[in-house]
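This report concerns only the one structure given below.
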Amino acid sequence: MARHTVATQPIADQKAGTSGLRRKTRDFMAPHFLENYVQAVINAIGGAAEKRFVVGGDGRYFNDRAIQVILRMAAANGARGVIVGQNGILSTPAASHLIRKHGMDGGFLLTASHNPGGVDQDFGLKFNMANGGPATESVSDAIFAQTQALSAYRIFDAQDVDLAVIGQTRLGAMTVTVVDPVVDYAALMATLFDFDALRGLFAGGFRMAFDAMHAVTGPYAKHLLEERLGAPRGTVINGTPLPDFGGGHPDPNPIWAQGLMAIMAGPDAPNFGAASDGDGDRNMIIGRGAYVTPSDSLAVLAAHHPHLKGVARSMPTSAAVDRVARTKGVACYEVPTGWKFFGTLLDAGLINLCGEESAGTGADHVREKDGLWAVLSWLSVIASTGQSVAALMAEHWQKYGRNYYARHDYEAIDTDKADAVMQALRGSLPALTGQSFAGLVVTRADEFAYDDPIDGSHTAHQGIRVIFGDTARVVFRLSGTGTAGATLRVYLERLETDPGQLDQPTAAALAAVTKAAAAIAEIARHTGRQAPDVIT
Ligand code: G16
């Protein structure tokens with residue numbers, strides 16, 4: 001086995017987005033692309049000598065090949081050991097847990113999340129730090145700087161490590177420990193939830209459907225729900241992970257989880273439905289005839305949390321959780337989009353619940369959002385209250401009011417056109433306050449920036465906010481996770497507190513805000529797009 005130093009050149013555009021580097025799979029498969037990025041990560045963290053890492057991914061196409069490259073590079077860079085999920089599989093929260101449990105120096109997570117998989121689809125790689133959370137902005141900047149200065153990478157010439165067999169092996173001087181991907185994560189969940197109570201729920205005839213979307217959570221959900229908690233076999237649907245996720249987008253929302261939506265709308269619908277995404281960090285919650293928006297899900301979990309210390313949400317997430325926090329007398333933090341921004345608050349113990357409009361909910365047990373944790377949290381609320389999802393939502397809205405909420409996505413726009421929308425919005429900010437659109441008066445308009453209260457870091461340009469008094473808001477932001485052109489996200493929100501108006505169709509409830517957003521941003525004029533591609 002020989003160690004090679006391979007000469008290379010910087011590859012333009014290896015700048016991580018909201019969550020690591022996401023590109024077309026073929027980009028990652030191109031000569032040196034993956035190797036350059038891995039070496040840049042290693043250089044940015046001061047080398048890999050004597051360090052220990054977790055490596056695993058969501059099982060998408062190229063996961064297996066990429067892992068072998070990362071192992072050979074870690075060994076060639078002097079790493080002492082790696083923990084790898086069997087067959088290269090680890091959900092993102094399970095990887096975060098392994099990093100924390102074993103005091104590792106970090107982890108390489110191979111996933112493009114909810115994006116489709118396949119040779120012509122998407123791939124991704126992100127580095128997580130010793131706290132188990134995604135690389136912070138400053139580390140991400142250092143990685144990018146390395147990608148632009150790289151002249152060589154180190155790699156072993158070696159046979160593939162057999163990742164099918166649990167146990168220890170060596171790659172040069174580096175120990176490779178192949179672990180069952182589910183066991184440690186399931187053990188963690190058992191410390192967080194009252195499994196007896198949840199077993200009682202299912203023993204009493206409670207039925208649920210969990211859509212694993214042919215992605216990583218299949219084995220986790222089968223083990224937890226069917227084997228540990230006694231839910232009937234077949235509770236987990238689409239439970240076999242596939243490299244192309246069965247051809248769909250493993251994106252747990254009403255658009256991509258249509259099969260589950262149909263089950264929940266059917267005559268014999270189970271009591272509860274849930275889904276998770278490609279790498280198991282996102283979740284969708286649905287009851288009989290009651291889809292729960294991610295923003296509302298966060299608020300309900302906050303309301304029923306027995307020991308809430310503090311909460312946080314990303315800026316575009318609705319303010320539903322803010323009012324719960326106010327009622328409970330705990331702090332509520334507003335951070336930029338990206339789970340990495342919750343890390344310092346969780347590490348400092350300021351919060352123990354956080355979430356995002358993009359289907360992420362999590363807590364301080366790991367440093368990633370956690371799909372199955374969210375599902376078990378909801379099951380726990382249902383078990384302790386004895387109420388249906390619909391009843392829980394109705395009760396919540398009666399008490400706190402309802403934040404009607406929708407996100408309109410304009411996908412794969414020319415980057416120039418998307419930038420033009422944002423630039424024009426930025427330019428219009430000073431004059432917006434006081435103007436009226438669709439009967440709504442702008443009381444504040446700004447571009448969101450964040451000062452981390454713990455590490456003092458400053459993050460600018462995190463979305464344009466146009467606020468209409470205490471009740472309505474529209475946010476414009478470019479996504480940082482797409483792989484084709486730009487995706488413009490328009491987040492619409494309106495608070496309704498009239499008890500007689502809590503059951504409106506969302507589009508109707510948001511009609512005026514939607515009209516105001518169109519007038520303010522002139523998306524059609526800048527992009528030629530008359531309507532969003534996806535509404536969630
Ligand atoms: C990632 C981040 C989330 C973010 C989401 C969407 O999630 O971890 O914090 O909300 O992307 O980001 P954007 O709006 O920039 O596309 P995931 O599940 O894709 O890793």
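Whatever order the structure lists them in is the order used to number ligands and atoms, beginning at 1.
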Thr18 heavy atoms, cut-off 4.0 Å: which ligand 1 atoms fall inside? 2 (C), 4 (C), 11 (O), 12 (O), 13 (P), 15 (O)
Please evaluate residues Glu411 and Arg529 with respect to the criterion salt bridge (charged side-chain N to carboxylate O under 4.0 Å, His left out), reporting the C-alpha separation (whole Å), side-chain torsions for both, the decisive distance (0.1 Å), and the verdict. CA-CA 10 Å; Glu411 297 182 333; Arg529 300 288 182 89; over 6 Å; no
My understanding is that only residues two or more places apart in sequence, or in another chain, count here; which of them pass ring pair (Phe, Tyr, Trp, His ring centres under 6.0 Å) with His249? Trp256
Protein contact of atom 6 (C) of ligand 1 - nearest heavy atom, named by residue and atom, plus distance: Arg282 NH2, 3.7 Å
Run the salt bridge (charged side-chain N to carboxylate O under 4.0 Å, His left out) test on Glu368 and Arg100 for me, step by step, so that the C-alpha distance in whole Å, both residues' side-chain angles and the decisive distance to 0.1 Å come before the verdict. CA-CA 11 Å; Glu368 289 280 3; Arg100 297 168 65 76; over 6 Å; no
Do Phe108 and Val54 come within less than 4.5 Å of each other through their side chains, counting heavy atoms only? no
Shortest non-hydrogen contact between Tyr185 and Pro93, atoms and distance: CE1-CB, 4.1 Å
Is the contact between Thr481 and ligand 1 made by the side chain, the backbone, both, or neither, using heavy atoms and a 4.0 Å cut-off? both
Any heavy atom of Lys340 under 4.0 Å from ligand 1? The part involved is neither
Just distances here: any N/O of Arg407 and N/O of ligand 1 closer than 3.5 Å? no
Gly480 N/O to ligand 1 N/O under 3.5 Å: yes
When Tyr491 is tested against each of Arg407, Arg477, His408 for side chain to side chain donor-acceptor pair (under 3.5 Å), which residue passes? Arg477
Logged contact type for Asp279 with ligand 1, heavy-atom cut-off 4.0 Å, is neither
Any donor-acceptor pair under 3.5 Å linking the side-chain atoms of Ser113 with those of Asn115? no
Can you list the ligand 1 atoms lying under 4.0 Å from a non-hydrogen atom of Arg477? 13 (P), 14 (O), 15 (O)
Is Gly360 near ligand 1, meaning one of its heavy atoms is under 4.0 Å from it? no
Considering non-hydrogen atoms of the protein only, which is the closest contact for atom 17 (P) of ligand 1, and what is the distance? Ser113 OG, 3.2 Å
If you count the atoms of ligand 1 from 1 in the order shown, which ones are under 4.0 Å from a heavy atom of Arg489? 13 (P), 14 (O), 16 (O)
What class does the angle between the rings of Trp373 and Phe193 fall in, given that below 30° is parallel, 30 to 60° is tilted and above 60° is perpendicular? tilted
His114: numbered ligand 1 atoms lying under 4.0 Å from its heavy atoms: 19 (O)
Closest protein heavy atom (residue, atom, distance) for atom 10 (O) of ligand 1: Ser358 OG, 2.7 Å
Within ligand 1, which atoms have a heavy atom of Arg22 less than 4.0 Å away? 17 (P), 19 (O), 20 (O)
On a heavy-atom basis, the closest approach of Ser276 and Phe210 is CB-CZ, 3.7 Å
Show the atoms of ligand 1 that are less than 4.0 angstrom away from any heavy atom in Thr337. 4 (C), 10 (O), 12 (O)
Does ligand 1 come near enough to Glu356 that some N or O of the ligand is less than 3.5 Å from an N or O of the residue? yes
Under a 4.0 Å heavy-atom limit, does Ser19 contact ligand 1 with its side chain, its backbone, both, or neither? side chain
Atom 7 (O) of ligand 1 sits nearest the protein heavy atom Lys369 NZ, 2.7 Å
Hey, are the side chains of Leu429 and Glu447 touching, using non-hydrogen atoms and a 4.5 Å cut-off? yes
Flag, side chain of Glu493 to backbone of Ala319, donor-acceptor distance under 3.5 Å: yes
